[in-house]
Amino acid sequence: MDLGLAGRVFVVTGASKGLGRATTELLVAEGARVVATSRSTENLADLTHALGATVVGLGVDNADPTAADRIVECAQASFGRLDGALISVGGPPSGPLMSTQEDDWRQAFESVFLGGMRIARAVAEAIDGPGSIAFVLSSSVKVPLGHLAISNGLRPGLAMAAKTMANEVGPRGIRVNGLLPGRIATGRLVELDEATGDAAQARRNAKAAIPLGRYGDPAEFAAAATFLLSPRSSYITGAMVPVDGGAMQSL
């Protein structure tokens, strides 16, 4: 299927590795151009070297209040237009609710919630015509995850903000959706498994609870994200789409 992405321009935050990198690679393969952002300029250099002039790297931290404007300015200066964004806000510190520190909550709120919303609003304001914005959230939007209290607290709120945004910008032809990845085989998931003290057992337990019986591949997430960003999903907005192998036992 031709996704109709040739010549379109997207921002991908957290693009230097994991889900963001996989999506950037697929967007480029489909003919799009990408402004890839990350806190790691070293990883960005590797990405832009691998993908060439269709990708411009920009080292920014989502929590920086100036990041949103810088990202939009970079897209317009580099490619002359902006059609949407995949906003990946990273994983906040793990830990149970009763022992997480207030400073960790504040820092995560600045990055995960406020940073993500600033970028989404700036991108929406810059889009001229139909466009698509997708948030990389988590299955914790619907089901709390053990030892991830901060994620459980912030991501449902960001999902509802995204739903509200979809209602507000829909009349302009801009769609806003969320992706709810489950256990996708990224470096972040390796860290979470190792944090249990027995990574091998954690993987066995997790896979036993996934109907498809395995962890997902970042390329499988990228396929869902790229479809939602493309014109081929033109009547989907305000949706929260699980990419979790069927792990969530709720509608």
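In this chain, residues are counted from 1 in sequence order. Excluded from the calculations below are hydrogen atoms, water molecules and symmetry mates; all remaining heavy atoms, backbone and side chain alike, are included.
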Indicate the atoms forming the closest heavy-atom contact of Thr37 with Thr13, along with that distance.
OG1-CA, 3.1 Å
Hey, is the main chain of Ile236 close enough, under 3.5 Å, to the side chain of Ser233 for a donor-acceptor pair?
no
Can you confirm whether Ile174 sits close enough to Pro130 that some side-chain heavy atom of one is under 4.5 Å from a side-chain heavy atom of the other?
no
Determine whether Thr186 and Lys17 make a side-chain contact, defined as any pair of heavy atoms from C-beta on separated by less than 4.5 Å.
no
Tell me, do Tyr215 and Leu189 make a side-chain contact under 4.5 Å, heavy atoms counted?
yes
Measure from the side-chain N and O atoms of Asn177 to the backbone N and O of Ala134, and report whether any donor-acceptor pair falls under 3.5 Å.
no
More than 12 heavy atoms of other residues, nucleotides or ligands under 6.0 Å from CZ of Arg232: is that the case?
yes
Please lay out, stage by stage, how Phe109 and Ile150 fare under the test side-chain contact (heavy atoms from CB on, under 4.5 Å).
CA-CA 9 Å; Phe109 181 74; Ile150 296 177; over 6 Å; no
Closest non-hydrogen atom pair between Ala68 and Arg118, with its separation
CB-O, 3.5 Å
How many angstroms lie between CG in Leu3 and CD in Glu30, if you round to the nearest 0.5 Å?
4.5 Å
I'd like to know if Lys163 pairs up with Glu168 as an ion pair, taking the criterion as any Lys NZ or Arg NE/NH1/NH2 lying under 4.0 Å from an Asp or Glu carboxylate oxygen.
no
Cluster overlap Leu51 with Leu26, hydrophobic side-chain contacts below 4.5 Å
no
Is there side-chain contact between Met160 and Val141, with at least one heavy-atom pair below 4.5 Å?
no
Any side-chain to backbone donor/acceptor pair from Ser78 onto Ala75? Under 3.5 Å, distance only.
no
Any donor and acceptor pair, going by atom type alone, linking the side chain of Gln107 with main-chain N or O of Trp105 inside 3.5 Å?
no
Check the pair Ser138, Leu180 against side-chain contact (heavy atoms from CB on, under 4.5 Å), reporting the backbone distance first and the verdict last.
CA-CA 4 Å; Ser138 166; Leu180 312 183; over 6 Å; no
Salt-bridged, Arg214 to Glu220, with N to O below 4.0 Å?
yes
Do Ile119 and Leu86 land in one hydrophobic cluster if side-chain heavy atoms of ILVMFWY residues count as linked below 4.5 Å?
no
For Ala15 and Thr24, which heavy atoms make the closest approach, and how far apart are they?
CB-OG1, 3.6 Å
Do Val34 and Val9 have side-chain heavy atoms sitting under 4.5 Å apart?
no
Heavy-atom closest pair (Pro156 atom, Ser151 atom, distance to 0.1 Å) is CD-O, 3.8 Å
Take Leu5 and Thr226 through the test side-chain contact (heavy atoms from CB on, under 4.5 Å) and record every step on the way to the result.
CA-CA 9 Å; Leu5 290 171; Thr226 300; 3.5 Å; yes
Is there a continuous path of hydrophobic side-chain contacts, each under 4.5 Å between heavy atoms, that joins Leu47 to Phe10?
yes
What I'd like to find out is whether the side chain of Ser140 reaches to under 4.5 Å of the side chain of Leu148, using heavy atoms alone.
no
Could you please spell out the steps behind the salt bridge (Lys or Arg N to Asp or Glu O under 4.0 Å) verdict for Arg33 and Asp83?
CA-CA 10 Å; Arg33 294 165 291 177; Asp83 298 282; over 6 Å; no
With the 4.5 Å side-chain cut-off for hydrophobic clustering, are Val12 and Val60 part of the same group?
no
For residues Gln201 and Thr196, determine if any side-chain heavy atom of one lies less than 4.5 Å from a side-chain heavy atom of the other.
no
Step by step, work out the side-chain contact (heavy atoms from CB on, under 4.5 Å) result for Arg70 and Asp64.
CA-CA 10 Å; Arg70 290 172 59 199; Asp64 182 348; 3.9 Å; yes
Between Arg172 and Ile127 (side chain of the first, backbone of the second, donor and acceptor by atom type, cut-off under 3.5 Å), is there such a pair?
yes
Would you check if the side chain of Arg183 reaches a backbone N or O of Arg203 as a donor-acceptor pair within less than 3.5 Å?
no
CD1 on Ile184 to CG on Asp244, rounded to 0.5 Å
8.0 Å
If you measure from CD1 on Ile210 to CE on Met248, what distance do you get to the nearest 0.5 Å?
11.5 Å
Distance check, rounded to the nearest 0.5 Å: Ser132 atom OG versus Arg175 atom CZ?
4.0 Å
Would Val243 and Val143 show up in the same hydrophobic cluster when neighbours are defined by side-chain heavy atoms closer than 4.5 Å?
no
Atom pair CG (Leu82) and CD1 (Ile71), whose distance is rounded to the nearest 0.5 Å:
10.0 Å
Within a radius of less than 6.0 Å around CZ of Arg188, do more than 12 heavy atoms belonging to other residues, nucleotides or ligands occur?
yes
A quick test of your reading: do over 12 heavy atoms of other residues, nucleotides or ligands sit less than 6.0 Å from CG of Asp128?
no
Tell me the closest heavy-atom pair linking Asn62 and Ser88, and the distance in Å.
ND2-O, 3.4 Å
Assess whether atom NZ of Lys142 is packed by more than 12 heavy atoms of other residues, nucleotides or ligands within 6.0 Å.
yes
How many angstroms lie between OG in Ser139 and CG in Leu179, if you round to the nearest 0.5 Å?
12.5 Å
Glu102/Arg106 ion pair, N-O < 4.0 Å:
yes
Closest non-hydrogen contact found for Met240 with Ala162 is CE-CB, 4.2 Å
Between Val136 and Phe221, is there a side-chain heavy-atom distance shorter than 4.5 Å?
yes
